[in-house]
Structures are given as structure tokens and as C-alpha cells.
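Computed from a predicted model, the values in this text were never measured in an experiment.
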Amino acid sequence: QVQVMESGGGLVQAGGSLRLSCTVSGRTASTFAMGWFCQAPGKEREFVGAISWSGAATVYADSVKGRFTISRDNAKNTVYLQMNSLKPEDTAVYYCAASMSWGTRDFMGFDRRYKHWGQGTQVTVSS
């Protein structure tokens, strides 16, 4: 059974950085394209970005482009979300998810592309 687990959330000041990790177990991580989503209180879940199976390609939401970077280490079955220049509006629960598909940003931004989801990790950015 495939399991996805996020870690690395916490409290950080505006302008600071945080790196989230996402570990896949039950199947080799390179089987999946991986996506990151976030959900703020009272809001719908939003797409943050995604990375292809090999890590050769990434796509990002406009709101995080240039600030967030997704990478992966398939030898460790782990995907990372490096978040820089954090803003209070980045405060949310961040979710990692695994998909058997890869495509454009709009394609990967549709949460039904993803079959396996983690429980989420809280990121709080103080002003």
C-alpha cells in the first residue's frame, strides 16, 4: 500500500525559509509524479507545484513561482518543497500527493490527477 507523508512544517517569520519533505513508501517514488498543494483556513485547496518522475520537469502556480522550488531524490523516495521569501499569505496546511500522470501546469493542478495523499503539515508565517 502506498503511503505519503509530509514533514518539516512549522512557524517562520515573513521573509524566512522553510523546507518541506515528502516521503513515499510502499512503491518506488520514481513511479509517481509528485505534487504539492496547500489549504488555508476557510479556503479551497490550491495547487502549489509539481515535479515529474525523474525530476527533469517542474511546474508552479504563479503565486509561488520564483520563491518555491520542488526537487526530488528518488534514491531516498523523497520530494522536497523549498519555500523562500515566505509571506503571511503562505500560511496553510501543505499536502504532498502522488500521481501516475504528468502534463502541463493546468493538468497537474487538478487534484483528481493524484491518487495518493499525505495528511498534511502546517506552515505558519508570522508578519
Side-chain angles (χ1 to χ4, degrees):
Q1 183 174 351
V2 176
Q3 292 187 322
V4 177
M5 182 176 295
E6 307 90 343
S7 61
L11 174 65
V12 62
Q13 288 188 333
S17 297
L18 206 59
R19 189 177 79 160
L20 306 183
S21 298
C22 171
T23 301
V24 178
S25 61
R27 191 177 294 180
T28 304
S30 59
T31 302
F32 303 105
M34 301 296 294
W36 286 95
F37 289 76
C38 68
Q39 187 167 21
K43 294 187 176 181
E44 294 186 355
R45 187 163 56 191
E46 297 180 349
F47 176 67
V48 174
I51 188 166
S52 62
W53 301 281
S54 67
T58 52
V59 291
Y60 296 96
D62 287 342
S63 60
V64 306
K65 196 175 295 184
R67 299 189 299 123
F68 291 10
T69 302
I70 300 173
S71 61
R72 67 190 298 162
D73 184 343
N74 285 337
K76 296 182 178 180
N77 281 347
T78 302
V79 178
Y80 304 99
L81 177 64
Q82 178 67 44
M83 304 185 292
N84 297 331
S85 302
L86 282 161
K87 306 174 182 179
E89 51 263 44
D90 294 320
T91 295
V93 177
Y94 283 74
Y95 298 91
C96 180
S99 173
M100 298 295 291
S101 304
W102 178 253
T104 64
R105 183 181 67 177
D106 288 345
F107 183 90
M108 297 307 294
F110 186 37
D111 58 6
R112 292 195 176 186
R113 306 293 184 201
Y114 299 84
K115 185 175 181 179
H116 307 286
W117 290 81
Q119 293 299 307
T121 186
Q122 176 71 45
V123 172
T124 303
V125 184
S126 63
S127 56

Heavy-atom closest contact ([X] atom, [Y] atom, distance):
X: V4; Y: C22; answer: CG1-SG, 3.3 Å
X: S21; Y: T78; answer: CB-CG2, 4.2 Å
X: S101; Y: A33; answer: O-CB, 3.3 Å
X: W102; Y: I51; answer: CZ3-C, 3.4 Å
X: R72; Y: S52; answer: NH1-O, 2.7 Å
X: R67; Y: L86; answer: NH1-CA, 3.9 Å

Is a side-chain N or O of [X] found less than 3.5 angstrom from the main chain of [Y], in a donor-acceptor match?
X: T121; Y: E6; answer: no
X: W53; Y: T31; answer: yes
X: R105; Y: Y60; answer: yes

Would you say [X] and [Y] are hydrophobically clustered, going by side-chain heavy atoms of ILVMFWY under 4.5 Å?
X: L11; Y: L20; answer: no
X: I70; Y: Y114; answer: no
X: Y95; Y: V123; answer: no
X: M5; Y: V2; answer: no
X: V48; Y: V12; answer: yes

- Task: State, yes or no, whether a side-chain contact exists between S99 and M108 at a heavy-atom distance under 4.5 Å.
- Result: yes
- Task: Would you check if there is a donor-acceptor pair between the side chains of S17 and N84 at a distance under 3.5 Å?
- Result: yes
- Note on the structure: Separation between CZ (R19) and CE (M83), nearest 0.5 Å, reads 11.5 Å
- Task: Mark yes or no: R27 above the aromatic ring of F32, with NZ or CZ under 6.0 Å from the six-membered ring centre and no more than 45 degrees from the axis.
- Result: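 Checked: cation-pi criterion not met.
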- Test side-chain contact (heavy atoms from CB on, under 4.5 Å) applied to Y80 and D73, step by step: CA-CA 8 Å; Y80 304 99; D73 184 343; 4.1 Å; yes
- Task: Return the orientation label for the F37 and F47 ring planes: parallel under 30°, perpendicular over 60°, tilted otherwise.
- Result: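 Perpendicular: the ring planes of F37 and F47 meet at over 60°.
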- Query: If you draw a 6.0 Å radius around CD in Q122, do more than 12 non-hydrogen atoms from other residues or ligands fall strictly inside?
  - Reply: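 Counting other residues, nucleotides and ligands, CD of Q122 exceeds 12 neighbours.
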- Query: In terms of heavy-atom contacts, does NZ of K76 have more than 12 from other residues, nucleotides or ligands at under 6.0 Å?
  - Reply: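 It does not: K76 NZ has 12 such atoms or fewer within range.
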- Task: Apply the test side-chain contact (heavy atoms from CB on, under 4.5 Å) to residues V79 and W36: give CA-CA distance (whole Å), side-chain angles for both, the deciding distance (0.1 Å), then the verdict.
- Result: CA-CA 10 Å; V79 178; W36 286 95; 3.7 Å; yes
- Apply the test side-chain contact (heavy atoms from CB on, under 4.5 Å) to residues V24 and M34: give CA-CA distance (whole Å), side-chain angles for both, the deciding distance (0.1 Å), then the verdict. CA-CA 10 Å; V24 178; M34 301 296 294; 3.6 Å; yes
- Query: Is any side-chain N of the basic residue among D90 and K87 closer than 4.0 Å to the acidic one's carboxylate O?
  - Reply: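 No.
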